[in-house]
> 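Have a look at this one before I ask anything.
Along the sequence shown, residues are numbered consecutively beginning with 1. Both ligands and their constituent atoms are indexed starting at 1 by order of listing.
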Amino acid sequence: MLQDQNSALACADVVFNLPIKEAFTYQIPDHFDGMVKVGMRVFVPFGRRRLTGYVVSVSDHNEKEFKLKPIQDVPDADPVISEELLKLTRWIADYYQSSWGEAIKAALPAGLDDTSLDKLSLTEKGAQELVDGSQSTSATYILQTLSAKKGLTPKQLERSLKKKYSAGAMAKLKRNGLVNSATKIKRSSLNYIYEKSARLARSLPTKEEIDDLLKRSPKQRAVYEKLCKGEIPIAKLKKEISAPSDAIKNLVKKGLIETFTNKKEKTQASEESDPQWTAESPLKFNEDQERCYRKLANSIEKEVFHAYLLHGVTGSGKTEIYLRCIQRVLDLGKSAVMVVPEISLTPQTVERFRLRFGDQVAVLHSGLTQKERFAEWKKIHEGKVSIAVGARSAIFAPFKRLGIIVIDEEHDTSYKQDSSPRYHARDTAMVRAREQNAVVLLGSATPSLESIKNAESGKYRYLSLEKRVHDRLLPMVKIVNMKQEMDLKKNFSIFSVSLKKALRERIDRGDQAFLFLNRRGTANYVFCRECGFAFECPRCSVTLTFHGKDHALLCHYCNFTARKPSACADCGGEIIRFSGFGTQKLEDEARKLFPQARIARLDRDTVSGRKSFEDVHRKMNAREIDILIGTQMITKGHDFPNVTLVGVVYADLSLHIPDFRSAERSFQLLTQVAGRAGRGEVPGLVIVQTLSPDHYVFEFVKDHDYRGFSEKELELREKLNYPPFTRMAALEIESDHERAGEILANNIQRALTGMLKETKGIEVLGPSRAALYRINNRFRRHLILRARDHRQLQSVLRHLYEIPEIKTLSNSKVKLTLDVDPINLL
Ligand code: ADP
Ligand code: ZN
């Protein structure tokens, strides 16, 4: 039977780290026959470019009607991603609506792939034209720039010419052959070295002819004779024969040898295990810990998927339980992943793991260089370690037999990636663990409402540690009404009388103090200076944002608008606008007030690298700092026994972020901060300053009453149809043309509403302006889809891209992003 020649060829489906959902099929050329496997990287032509792609399936014949482009290169001998992780990334792509390639990229260490760059240069003809000066002004600008600076990319050229850049002129120059654009591949230097080498030519003349050719050149002969024994890297040759370059060149010319580039996998310098890492022995559990551990160990041993929520205040001994569970997993010959928020991935955390598990641990965090990170990843990939400790992406650690995934501080918002794929590490961990029959252990002092609800419904098993280890006391929390400070005490300083007094006492006693100010609330809002009342949307229960230009108050969820009122709706008092102050100002004030105190500040402006972070840390431990001022950064991963006072300077900031989760965030944050006080023998004091002391969050913060808070908050969420009782997806429409964005948002809204006419329980909110409406001169609008559960939401999302307005978006200037289960709607 006659076979169609084309269909007889093997081919591979390839996906890319691009926002394109389809896979592309490439032909596997004969010389790569049998070498291309699922999970491998390949180098392929893609439009005008050449790209690294990931093979997601291989077939021995081509079902496509047309002729396929061939795979150009296969950089690895083995797959970089396992079938298991491929499946997981497939789930991520489906659930979070990213492309499969983007999800695969997220699961691999950064910098693994080669990148291709377009480089522009003048042709001879172009150089001549520049001299002749016969071109248009725009064209001359381009020619001049390219003549002055070699090897610019199109982007760099545009940037350097700014307004003078003309795309039309550029196209014409290329067409007429005055400018050349060449694709240069920037090789990833991570796992390969490219070594220039020499070897004998394939077809050599006779021995007599060779002797004749080498007769007058002893150096050429020496090189030739060396190569007779086999190929040699030129660098090595240079060490053995002085200045061989000319000889090599001439030998090549004579057809006796050839040079080539040898691609070699880098050998990792094998890391010596530090003798300091002697295994520390586990602590003896208290009763509570023992009870929790028993249940966990039972699931680990049975090797069935179970998710646990371990709820326990800071210092209750959760970490000790994690360590023991991981030990149990290792005993069974399996591996463990421990995920912590990036911010608490401090040297302390890492050290604790090293002390317990020595060189069994690989650490993955953003403080590492790409090379270091790759080295850590490789240790896992090759099975040289059994534990991965890291931030969000550690859930992709390429272990083969996973026994447990621990997620510490499971409520932390850094577990959601804020670029595509917008996955949540906790939810992704569930999917991965289920496939692997592994246990997921979520730990927190203030579980997210999503998780506590899952625990209540029985989806997660609930474990709790009721007390701090050694019955250490929880700190005293005092709420200070800053309104009264101003009115009654005529105190207009950032510091309340009680905070001043408490600070002075600490300084006199030689204790240490934290001052915490969360500056994240950048949005302006208005409140009553008499009673602290902040204006909220009557339909959404989020703080209204003040827009100075229109003198209007706006809800960023439903677009409710009101004129800025002249008096407080509650008490008739004077309305003022909040304009933020930050940690810098706080530091200045503190120095004025306590000139003799040693004061340090820790926030994103003062901490550039890990180094300065560790520096502050060391100084705190050495008691060289009396008052440490900071943002969120100071709330995590520190354990300083001498800190007996924590001052929360302005608690209202997080409370008034226009997000329905602001109360939850505030509770978590305040509890977290409070947990820093009195870790030693002395009970601590926490002073919380606020203009809205009657807000319900404070009554629960004061009593360390997580349960009371979550009950109240869940009740509110249910009433208002917010998660965890519903699922949401946010569509963000971003446009540099304000009107175009608005029209499109309205059209999509109409299309969606039409599509969902028949579906009960799913609604479209908005479009409304985003809280950060204008960023970099781009205008942002949100449309929110809200459904009863994730299945229902997913069934809508699957058809989203069939909406004509969305389908045609790729060739418009408007950018659309979709965030499934958003946790931040600014
Ligand atoms: P968490 O993770 O809940 O904040 P940790 O596990 O870090 O708590 O424990 C807090 C402190 O108590 C640590 O210094 C730890 O070494 C100590 N600790 C934990 N469990 C025990 C125990 N069973 N016996 C003695 N000390 C313990
Ligand atoms: Zn509203």
> Looking at OG1 of Thr671 and CG of Leu474, how far apart are the two atoms once the value is rounded to the nearest 0.5 Å?
10.0 Å

> Taking atom CZ of Arg618 as the centre, does the number of heavy atoms from other residues, nucleotides or ligands within less than 6.0 Å exceed 12?
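Yes - once you tally the heavy atoms of other residues, nucleotides and ligands closer than 6.0 Å, there are more than 12.
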
> Below 4.0 angstrom from a heavy atom of Leu283, which ligand 1 atoms are there? Numbered from 1 as shown, please.
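In order of numbering, the contacting atoms are 16 (O), 18 (N), 19 (C), 20 (N), 21 (C), 26 (N), 27 (C).
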
> Compute the shortest N/O to N/O distance between Gly312 and ligand 1 and return yes if it is under 3.5 Å, no if not.
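Among all N and O atoms of Gly312, none is under 3.5 Å from an N or O of ligand 1.
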
> Should one rank Val313, Leu323, Thr319, Ile321 by closest heavy-atom distance to atom 2 (O) of ligand 1, which comes out on top?
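Among Val313, Leu323, Thr319, Ile321, the closest heavy atom to atom 2 (O) of ligand 1 belongs to Thr319.
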
> Classify the side-chain pair Asp331/Gln327 by whether it contains a donor and acceptor separated by less than 3.5 Å.
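On atom types as modelled, these side chains qualify, holding a pair under 3.5 Å.
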
> For the pair Phe709 and Tyr696, name the ring-plane relationship: parallel under 30°, tilted 30 to 60°, perpendicular over 60°.
parallel

> May I ask you to identify, for Lys284, whether its side chain, its backbone, both or neither come under 4.0 Å of ligand 1 on a heavy-atom basis?
backbone

> Does the pair Glu84/Lys400 count as a salt bridge with the N-to-O cut at 4.0 Å?
no

> Under a 4.0 angstrom heavy-atom cut-off, which atoms of ligand 1 come close to Asn286?
23 (N)

> Show which atoms of ligand 1 fall inside a sub-4.0 Å distance from at least one heavy-atom site of Phe285.
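Every atom of ligand 1 under 4.0 Å from some heavy atom of Phe285: 23 (N).
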
> Residue-level breakdown please: for Arg352 versus ligand 1, do any non-hydrogen atoms fall below 4.0 Å on the side chain, on the backbone, on both, or on neither?
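Side chain only.
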
> Measuring from atom OG1 of Thr319 to atom CG of Leu310, what distance do you get when rounded to the nearest 0.5 angstrom?
9.5 Å

